[in-house]
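Reviewing the structure listed below.
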Amino acid sequence: MTFVLDPRDPSTPPPGGSFQDALLEGLNPQQRQAVLYRGPALLIIAGAGSGKTSVLTRRIAGLLATREAWPSQILAITFTNKAAAEMRERVQQLVGRQQAEGMWISTFHSACVRILRREAENFGFTKSFTIYDSADSKALIKRIIKELEADTFGITVSGAMNKISKLKNELSDVESYARGANFNDPGEVMFLQIFREYTKRLQSANAFDFDDLIGQTVYLFRAFPHVAALYQRRFRHILVDEYQDTNHAQYALIQELTRPVNQGDLPLDLQGKGHLDPASLTVVGDSDQSIYAFRGADIRNIVEFERDFPNSTTILLEQNYRSTQNILDAANSVISNNFDRKDKKLFTTIGSGEKIVGFTGYSGHDEAQFVADEITKLHDSGMAYKEIAVFYRTNAQTRALEDIFIRSALPYRVLGGTKFYERAEIKDAMSYLITVANPLDPMALRRIMNVPKRGIGPATEAALQNFADNNQTTLRDAMRNAQALGLGPKVTGAITGLALILDDVQATVDVPEGVAQAKPSDILKTLLDRTGFIEALRATRDPQDEARAENVEELLSVTKEFQKNNPDGTLLDFLTEVSLVAAADDLDDTSGTVSLMTLHTAKGLEYEAVFLTGIEEDLLPHRMSAGEPGGPAEERRLFYVGITRARQRLYLSLAMTRAQFGEVNVAMPSRYLQEIPPELIDWKQSPGDATSRNGTQPRALNARRGAFGAEGSLGTGASGFNGGFGGGFTGSGSGYENAGGPSATALARAARNAAKPKTEWANKITGTVRDNGDLTLAAGDRIRHVDFGDGRVSAVTGEGTKRVAEVHFDTAGRKRLLIKVAPIEKI
DNA sequence: CTTGCATTTTTTTTT
DNA sequence: AAAATGCAAG
């Protein structure tokens, strides 16, 4: 038998061995056991970086290579689409592309959509149902609350939404919730009404929300045994990654799929053929990395696995192949503060490595500057940008980082956050596609009814909805019959005109069997052209609309790209893919950029160098987690996840003050910092340094002290902190820039933190990015920088808007600056 | 119906 | 600081 192994994988054996040798090459005994296990249920407790992906892929490859399973009998669930693609790729490299054809490797949500599209007609949906994302659900709930005037009961949109989501994750529907409801509580009665109405409208819109995708699939299996039997029979090996983050609905789904097949439920032609035993289940997880309790993840699923599956085997993977011992020591030490956990200690043979680097900035910007400077140093010493990542707790923290990165000409990309598909103009354009795919969906239709502006306002929309309700028809149908409403001729024409466009395009999608459907990009192009969507954006005075028009054109390229990758991809396939992209999915390994993301998004990823920023009280642990039971423990796990992403270098940074809601607040070091043995951290500037050096403290900070009064002043807070930490934070005190010694860095810092002088050029900073126009610089020029003061240009590289100046500042050391946007002037 | 301005609220994390 | 909301004028 011939086989291919990943040449990048150091464990790839020399050619000539048996397949089994190749399969197990480079694995430790526990990993081998996990690859070779055959039986009903296997639990792999896999510590961070313990090679579980390798184990899972080899396990699948082994099943395929020995013909124990056909590819179509394998269902592997991953946490992101990117992880799914990677796993598929690695299995294919082991057994060949053809051998792996037909495996289901996907996320819970993608797998469920696939099942639901196939089976939805069993229970009152069509295959072209819409998937409502959180924003869609929110809009619908908001509408319902308004209609029912439920806000007078103290019910908020987000409150109702969270509650509904929580209930759905517990597989509770309106009726089961009603059974236990307290009908003497008017608020609860009102909530019940909202829940009922929400459910009804999803059904009539032919739509599922995110939670439904899982919950309704479970419902489908439970209500229709003949459907369940097909999938129980089909999937012989089910593997679930990140099992610690499954919620009850996902747990129930796995339970349904691993039931023994009831012969009588199968179609006649399948009865008595094939396997009737329950599928074999493999789950992989690590309770120390459970960070999704807020969206219903239930740690008990993994803790009680052995009870749920009495015949199961458990394997522990504790050897870490990713990080240095210093990084692991820090991680172990932090996580050991969570009681109620099985003791588990990661170890490595890699060696202790560099110390962890700590830094305390005076502000979020100061911290960001440190991060940028250190990244530049790492890059100068040969580390690729794509091997570096910056993590933070909240998306809002990206602002300061982006600001500094742009000025420093650091190539970066932000994962997640305000995603492309969340932009209003993109949602509008997507709504056109949704309306064509699913004419029953009034939410999508409402969204585009007056985009571009057609003079169809709220009153007209209400009239149409009224007509639809009175005639037991859809909003879309009401638009077709707009003449019957007796509105003005202009509005009526606008409405019927839009209805005609939508009907025309829909006719190219709803084609008879055997006829080819129109392609997503052609559909979008036609819709945009006939509605004048892009021209309307270009015709306005708002300067941002040009960027919006470009975004819509970008969406058009996305549809073309999709077609290139999926030649047979339908409109529905495209809509599904877009609905289910995860933050980590737009990671592009070839981008050559530094990656910025939240700690949650970072799960499952790894980098040579990792910067954990904002390690402060109220941020990590986050203020909002304080009230939740188990909140601080989950935040600690989040910190643990962040630490364990790093292979070689780990940086921990925080700031003494942080801007929030437009005002500056004092920040305190996170309690979790104390949990790392002090000798593991090399503080370039410790929290103590940043507060106790009165002589060199920046002006702006001194000025601010008065504002806080005695009680909340930095002085008081700082000494309290120093006492509490028993001197553990006494760092080198030399400042992080070695260029000019302590006094120089202190000066630079003072300059950086001082109130910005209101010179002409300072005012040029408009919006988020400043523009120096065609300012030209050459080596030898003297310049002045808002934060770093005066300096001399030593070199200029790059072209056009990407020109970068390397500057030796008199006090702040060497920096690289993007000439077009840096806050500089020639002197 | 649309536009512009004033006011208020908002940030945890995500499929 | 930015986004969402509300209100009044055109």
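Lettering follows sequence order; numbering is per chain, from 1.
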Classify the nucleic acid contact of A:Arg623 as base, sugar-phosphate or nothing, counting any heavy atom under 4.0 Å across all strands shown. nothing

Spacing between A:Lys146 atom NZ and C:dA4 atom C1', to the nearest angstrom: 12 Å

Identify whether any heavy atom of A:Tyr292 sits under 4.0 Å from a base atom; if not, whether one sits that close to sugar-phosphate; answer base, sugar-phosphate or nothing. sugar-phosphate

Using purine N1 to pyrimidine N3 plus N6-O4 or O6-N4 for Watson-Crick, or N1-O2 and O6-N3 for G-U wobble, both under 3.5 Å, which nucleotide pairs with B:dT10? C:dA1

Have a look at A:Ser134 and say if it touches a base, only the backbone sugar-phosphate, or nothing, with a 4.0 Å heavy-atom cut-off. base

Give me the atom names and distance for the closest heavy-atom approach of A:Leu619 to A:Glu635. O-OE1, 4.2 Å

Evaluate whether the aromatic ring of A:Phe294 and the six-membered ring of the B:dT13 base sit under 5.5 Å apart, centre to centre, with an inclination under 30°. yes

Classify the ring geometry between A:Phe391 and A:Tyr607 as parallel (under 30°), tilted (30 to 60°) or perpendicular (over 60°). perpendicular

Taking the six-membered ring where the residue is Trp, are the ring centres of A:Tyr292 and A:Phe294 under 6.0 Å apart? yes

Does the side-chain ring of A:His109 sit on the six-membered ring of the B:dT15 base, less than 5.5 Å centre to centre and under 30° in tilt? no

Side chain of A:Phe661 - closest among B:dT15, C:dA1, B:dT12: C:dA1

When the C1' atoms of B:dT11 and C:dG6 are considered, how many whole Å apart are they? 23 Å

Listed pairs, N/O of protein and of nucleotides 2-9 of chain B, under 3.5 Å:
unit_1, atom_1, unit_2, atom_2, d
B:dT2, OP1, A:Asn450, ND2, 3.2
B:dT2, OP1, A:Gly455, N, 3.4
B:dT2, OP2, A:Asn450, ND2, 3.3

Touch class at under 4.0 angstrom, heavy-atom based, for A:Ser579 against every strand present: nothing

Which pair of heavy atoms, one from A:Leu116 and one from A:Leu213, lies closest together, and at what distance? CD1-O, 3.6 Å

B:dT15 P sits how many Å from A:Asn169 CG, rounded? 14 Å

Check the distance between B:dT13's C1' and A:Leu596's CG and give it to me in whole angstrom. 16 Å

Is A:Arg637 close enough and on-axis enough to A:Tyr640, meaning under 6.0 Å and within 45°, for cation-pi? no

Find the distance A:Leu401:CG to C:dA1:C1' and express it as a whole number of Å. 16 Å

Length of the line joining A:Tyr421:OH and B:dT15:C1', which is rounded to integer Å: 16 Å

Side chain of A:Asn395 - closest among B:dT13, B:dT15, B:dT10: B:dT13

Could you pick out which residue, A:Thr460 or A:Arg393, lies toward the 5' side of DNA chain B when each is mapped onto its nearest nucleotide? A:Thr460

Please pick, from B:dT11, B:dT15, B:dT14, the nucleotide with the shortest atom-to-atom distance to any side-chain atom of A:Met624. B:dT11

In terms of ring plane angle, is the pair A:Phe562 and A:Phe574 parallel, tilted or perpendicular, where the classes change at 30° and 60°? perpendicular

Quick one about A:Asn438 and A:Ser128 (side-chain donor to acceptor, distance below 3.5 Å, no hydrogens or angles considered), yes or no? no

Would you classify A:Ala659 as touching base, sugar-phosphate or nothing, given that sugar-phosphate means primed atoms plus P, OP1 and OP2, and contacts are heavy atoms under 4.0 Å? nothing

Picking from B:dT11, B:dC1, B:dT12, which would you name as closest to the side chain of A:Gln660? B:dT11

Taking the six-membered ring of A:Phe195, is NZ or CZ of A:Lys163 closer than 6.0 Å to its centre and within 45° of its axis? no

Quick one: A:Gln397 CD to B:dT10 C1', roughly how many Å, whole number? 16 Å

Without hydrogens or angle criteria, can the side chains of A:Tyr132 and A:Ser579 be said to hold a donor-acceptor pair below 3.5 Å? no

Just how far, in rounded Å, is P of C:dA2 from CD of A:Glu402? 12 Å

Closest of B:dT11, B:dT15, B:dT14 to the A:Arg399 side chain is B:dT11

Tell me whether the OP1 or OP2 atom of B:dT14 has a side-chain N or O from A:Thr601 closer than 4.0 Å. yes

Distance in angstrom units between A:Arg295 CZ and B:dT12 P, rounded: 17 Å

Report the base-pairing partner of B:dC5 (Watson-Crick or G-U wobble, both distances below 3.5 angstrom), or none. C:dG6

